[in-house]
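Please read the structure below before turning to the comments.
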Amino acid sequence: MLIGAHVSASGGVNKAVARAEEIGAECFQIFASSPRMWSAKPIDDKVAEKYHAEIERTGMGPTVLHGKYLVALGSSDPELLAKSETALQSDIAAANKLGALGVIFHPASHRGQGFDAIVDQFAASVRKILDNEPGDSLLMLETSAGAGDHIGSSFEELGTLVKAIGHDRVAVCLDTQHVWAAGYNIAAIDTLNAAIDEFDKEIGIDLLKSVHANDSMRELGSSVDRHDNIGEGLIGTEGFQTIMSHNVFKDVPFYLEVPGTGKSGPDKPNVDRLKAIRSQVGAR
Ligand SMILES: [Zn+2]
Ligand SMILES: [Zn+2]
């Protein structure tokens, strides 16, 4: 179980490696381009070269990319759908170039159409994106907190999508805060076991390829997406002990997306907290 964090890639993706190293992360997540704007440039060959040298120097990895927040494969607006596909495809191209594990993205909203109405379109888009960018990098659907019309707050919905996609490069990222907000009590062993069983039955546990490790500011089942620092929220240190001692996470990288003790994003104190829990539970 490797412990990583989301870090800034400003100034070039190669710069992210030292930032991750600085806070003690063993792997990291980045945005390949601004998450709130559609524009994206392919990764420059020289930058990719520097990035690979940095990875070699530090032994850091696996790297994951996070897709743009604008992406909405469940949209009925053809222009928004096309932009979403282009954006994800450029992220997958970047991931392939960097040798990243994959791209994590939000299934987003069905925009009032209802979940069933968007499954075929969503699946066709994911297949097209992956087939247009051959390589090893995965497209990972992230579990959602379930606010409004958001897709993917139940393992059943994610399983339906994954089966409809039917591609060997599709996987799932479990966000601890989002599943908590969606009503899965992963902080207690019995309900964690039940959640894992449900994940396995609906999606297949082999498809769990990454975790966003975030504590929660909001209560279980709130449907509200509000990350907290590890041990400061309602999942709590004991909750993370329960999670990290579960066998299913043994080989899955954890990436922090927490506000940070100084409110500047994932930092060393949060990385150290996860590392301390990992050694307490003997997960490594
Ligand atoms: Zn997340
Ligand atoms: Zn979130």
Side-chain angles (χ1 to χ4, degrees), residues 1-9 16 20 25 27-32 34-36 62-73 87-88 91 95 100-109 138-155 157-158 161-162 170-184 186-187 195 199 203 207-230 232-235 239-240 243-244 249 252-260 263-267 270-271 273-274:
M1 182 191 297
L2 294 165
I3 291 167
H6 186 95
V7 294
S8 163
C27 53
F28 60 88
Q29 171 177 280
I30 48 172
F31 294 119
S34 168
R36 291 186 175 85
T63 298
V64 290
L65 272 53
H66 197 295
K68 292 178 185 293
Y69 298 134
L70 305 166
V71 163
L73 296 184
L88 276 176
D91 279 339
L101 176 64
V103 177
I104 296 167
F105 75 106
H106 297 168
S109 165
L138 309 169
L139 255 185
M140 292 180 262
L141 280 67
E142 179 171 349
T143 57
S144 82
D149 290 336
H150 279 240
I151 301 161
S153 59
S154 71
F155 298 150
E157 280 191 1
L158 286 171
L161 288 171
V162 160
V170 71
V172 170
C173 170
L174 185 152
D175 187 307
T176 55
Q177 196 278 328
H178 298 176
V179 296
W180 170 267
Y184 294 102
I186 52 170
F199 189 109
I203 303 168
L207 295 192
L208 176 63
K209 296 292 188 195
S210 56
V211 166
H212 280 165
N214 302 309
D215 210 329
S216 183
M217 284 194 189
R218 301 295 289 267
E219 64 277 19
L220 178 70
S222 65
S223 300
V224 180
D225 181 348
R226 287 281 183 287
H227 304 185
D228 208 342
N229 293 320
I230 302 298
E232 294 177 25
L234 294 167
I235 297 175
F240 276 94
I243 295 163
M244 293 174 84
F249 299 112
V252 179
F254 278 44
Y255 301 93
L256 288 157
E257 293 176 320
V258 293
K263 301 224 168 10
S264 55
D267 52 4
N270 276 284
V271 171
R273 287 172 199 177
L274 280 188

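Read the numbers this way: they start at 1 and go in the same order the structure lists the ligands and their atoms.
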Quiz question: by atom type and distance under 3.5 Å, do the side chains of D225 and H227 form a donor-acceptor pair?
yes
Geometry at the Zn ion (ligand 2) - D225 OD2 versus H227 NE2 angle, rounded to 10 degrees
140°
Determine the interplanar angle of the F254 and F249 rings, folded into 0 to 90°, and report it as parallel if under 30°, tilted if 30 to 60°, perpendicular if over 60°.
perpendicular
Could you tell me how the ring of H66 sits relative to the ring of H212: parallel (under 30°), tilted (30 to 60°) or perpendicular (over 60°)?
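Ring orientation of H66 relative to H212: parallel.
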Hey, is the main chain of I230 close enough, under 3.5 Å, to the side chain of R273 for a donor-acceptor pair?
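Yes, because the side chain of R273 sits within donor-acceptor range (under 3.5 Å) of the backbone of I230.
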Which of V170, I151, I203 passes side chain to side chain contact (heavy atoms under 4.5 Å, CB included) with L161? It is I151
Starting from the Zn ion (ligand 2), look over the N/O/S atoms of H178 and name the nearest one.
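Closest N, O or S atom of H178 to the Zn ion (ligand 2): NE2.
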Tell me which N, O or S atom of [X] sits nearest to the Zn ion (ligand 1).
X: E142; answer: OE2
X: H212; answer: ND1
X: D175; answer: OD2
X: E257; answer: OE1

